[in-house]
Amino acid sequence: MKKHRKQKLVVILMGFSFLAAAMTLAGFALKEQIDLFYSPSDIHNGLVQHDRSFRAGGLVKYGTVQRDPESLIVDFVLTDQAHDLKVSYQGILPDLFREGQGIVAMGELNSQGVFVASQVLAKHDEQYMPAEVKDALQRSGGYHQEDHPGSYQYYQAPEGSSYGR
Amino acid sequence: MWQWFHKWGSAKWFYQASAAWSRVFGYFALLFLTLGLVWGFVFAPADYQMNHNYRIMYLHVPSAMLAQITYLLIAILGLVNLVWKIKITPILARAVLPFGASCVLLALLSGAFWGRPTWGTYWIWDARLTSTLFLFFLYMGLWACYSLLPASMGRNSAYKAAAIVAIVGSVNIPIIKFSVEWWNTLHQPASIRLTQRPAMPASMYLPLFASIIGFYCLMVYLMLKRARLLLLEDELHKAWVKEVEPKLVGGS
C-alpha cells in the first residue's frame with residue numbers, strides 16, 4: 001500500500017475507534033436511562049423514585065392473576081424470581097398477556113406499595129412455534145408453560161451487573 | 001484477484017460488466033423473494049401465540065437486516081473512496097442508498113403493525129426502536145449529502161464529506177445490533193443467529209432464509225442498476241460513453 005494511503009487509512013481508523021470508545025462510555029454511563037424498565041428487584045432496592053411514573057418489567061407470576069368480574073380491573077403479581085411487585089391495572093390487556101408471560105407496565109407506586117399501571121404491554125420472546133407442534137406436545141405431556149416463560153432470562157441481571165438486580 | 005478487483009474501478013468496464021450481473025441478481029431476487037414470501041405468508045405454519053400475525057417477520061426481519069447491512073456497505077464504500085479514491089465507490093454508495101432507506105422504513109412500519117397486536121402498542125422508545133429510527137435519519141442525512149452537496153462544493157469533495165458522515169454514522173450499527181442485549185428493551189433478542197440454532201423450526205425459518213437471500217439479491221440488483229444510470233449521468237461527456245452508448249450522446 002502506498003504511504004499516503006496507509007496514513008489516511010490509519011487516521012480514519014483511529015478517529016473511528018475514538019468515536020466508538022466515546023459511544024461505549026456514553027452507553028455505560030446512560031445505562032439506567034436507556035433501560036426501558038425497572039425489575040421488581042430494582043424497585044425493591046430503591047432504584048426508583050416513588051413520586052414519578054416509570055416502567056416496571058417482569059414475569060406475570062403463576063396463579064396471581066385476579067380479574068374483577070364487574071369491571072376491567074386486573075390484579076396480578078410481577079416477579080423476577082428474586083422479588084415480587086403487586087400490580088393493579090384497569091383496561092384492556094394485550095392478547096399475549098397471561099401467567100408466565102413477560103410484560104412491561106407503565107405506572108406509579110401508590111402508598112401501599114402497589115404499582116398502579118396505566119398501560120400494560122406484552123413482551124414477546126424470540127421463540128416461535130407452530131400451533132400444531134404445541135398441540136402435539138401438549139397431548140404427549142411434553143409441553144410445560146413454565147418452559148416458555150416469556151422472555152424472562154433477558155431482564156435477569158447480567159453477570160457482574162452493578163445495579164443489584 | 002486484485003486484477004479482477006481493479007477492473008471494477010474502470011468506469012467503462014463497470015458499465016459493461018454490470019449489465020449482465022444486475023440481470024442475474026434481478027432474476028435471483030425475483031425467485032427467492034417469491035419463494036420466501038409466498039411460502040412464508042401462505043404455507044408456513046401459524047405460530048402458537050401470535051397466530052398468523054407473526055408472518056410479518058418474513059418482511060420485517062430481512063428489511064431490518066438489510067437496512068443495517070446496506071448502511072455498513074455505504075460506510076465501507078466511503079472508506080475505500082477516501083483511502084483509495086476508486087471512482088466507482090461513491091456511485092455505488094449513492095446507488096444503494098434509496099434501497100437502504102426504504103428497508104429501514106419498511107422495518108419500522110412492519111414492526112409497528114406487528115407491535116400493535118403483539119405488544120399492545122405501535123411504538124415505544126426502547127433502545128432497539130430508537131436506534132433504528134436514528135438509522136433512518138442517518139440515511140436521510142446521507143441522501144442529502146450525496147444529492148445536494150455536489151452542487152455547492154463540487155462532486156469529489158461532496159463525495160468525501162458524505163463518506164465521512166457514513167463512517168461516523170456506522171457506530172450506530174453495533175448499537176442497533178446489540179441494543180437488545182446491552183439494555184433491557186421491549187423488542188426481543190434475535191431469533192436467528194450465526195452461532196446458534198434458530199429459535200423456530202425449519203418450516204418457519206426456511207422461508208425466512210429464502211426471503212433474506214431475496215433481499216440481498218434485490219439490494220445488489222438495484223445497486224448495480226441504479227449505479228449504471230448515475231455513472232452515465234456523472235460521465236456523460238467522457239469518451240467511453242460515446243463509444244458504449246452512442247445514441248445517448250448523439251448529435252454532438
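To find a chain, count down the sequence lines: A is the first, B the second, and so on, and within it residues start at 1.
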Does atom [atom1] ([X]) have a neighbourhood of more than 12 heavy atoms from anything else shown, all under 6.0 Å?
{"X": "A:Arg52", "atom1": "CZ", "value": "yes"}
{"X": "B:Leu133", "atom1": "CG", "value": "yes"}
{"X": "B:Phe41", "atom1": "CZ", "value": "yes"}
{"X": "B:Met153", "atom1": "CE", "value": "yes"}

Before you tell me yes or no, could you show the steps for B:Trp84 and A:Leu9 under side-chain contact (heavy atoms from CB on, under 4.5 Å), namely the whole-Å CA-CA distance, both residues' side-chain angles and the distance that decides it to 0.1 Å? CA-CA 9 Å; B:Trp84 286 277; A:Leu9 187 63; 4.2 Å; yes
Only heavy atoms, only distances under 4.5 angstrom. Which residues in residues 103-110 of chain A are near chain B? A:Val104
Which bit of [X] comes within less than 4.5 Å of chain A, counting heavy atoms only: side chain, backbone, both or neither?
{"X": "B:Ile124", "answer": "side chain"}
{"X": "B:Ile164", "answer": "neither"}
{"X": "B:Ala44", "answer": "neither"}

Taking every heavy-atom pair that is under 4.5 Å apart, which of B:Ser203, B:Pro174, B:Ser179, B:Ser170 has the most such pairs with chain A? B:Ser170
Interface residue of largest heavy-atom contact number with chain A, from B:Asp126, B:Thr118, B:Asn51, under 4.5 Å: B:Thr118
Hey, are the side chains of [X] and [Y] touching, using non-hydrogen atoms and a 4.5 Å cut-off?
{"X": "B:Leu186", "Y": "A:His124", "result": "no"}
{"X": "B:Trp183", "Y": "A:Leu36", "result": "no"}
{"X": "A:Phe16", "Y": "B:Leu79", "result": "no"}

Heavy-atom cut-off 4.5 Å, strictly under: side chain, backbone, both or neither for [X] against chain B?
{"X": "A:Gln7", "answer": "neither"}
{"X": "A:Ile12", "answer": "side chain"}
{"X": "A:Val120", "answer": "backbone"}

For the residue pair B:Tyr54 and A:Tyr128, categorise the inter-ring angle as parallel (less than 30°), tilted (30 to 60°) or perpendicular (more than 60°). tilted
So, does A:Lys123 use its side chain to make a donor-acceptor pair with the main chain of B:Trp119 at under 3.5 Å? no
Look only at the side chain of B:Asn184 and the backbone of A:Asp35, and say whether a donor-acceptor pair between them is shorter than 3.5 Å. no
Under the rule for side-chain hydrogen bond (donor to acceptor under 3.5 Å, both in side chains), what residues qualify as partners of B:Thr70, not counting sequence neighbours? none
Between [X] and [Y], which heavy-atom pair has the shortest distance, and what is it?
{"X": "B:Met204", "Y": "A:Met129", "result": "CE-C, 3.6 Å"}
{"X": "A:Asp125", "Y": "B:Gln49", "result": "OD1-NE2, 4.3 Å"}
{"X": "A:Lys8", "Y": "B:Val83", "result": "CD-CA, 4.2 Å"}

Between CG of A:Leu96 and CG of B:Asn53, what distance do you get to the nearest 0.5 Å? 9.0 Å
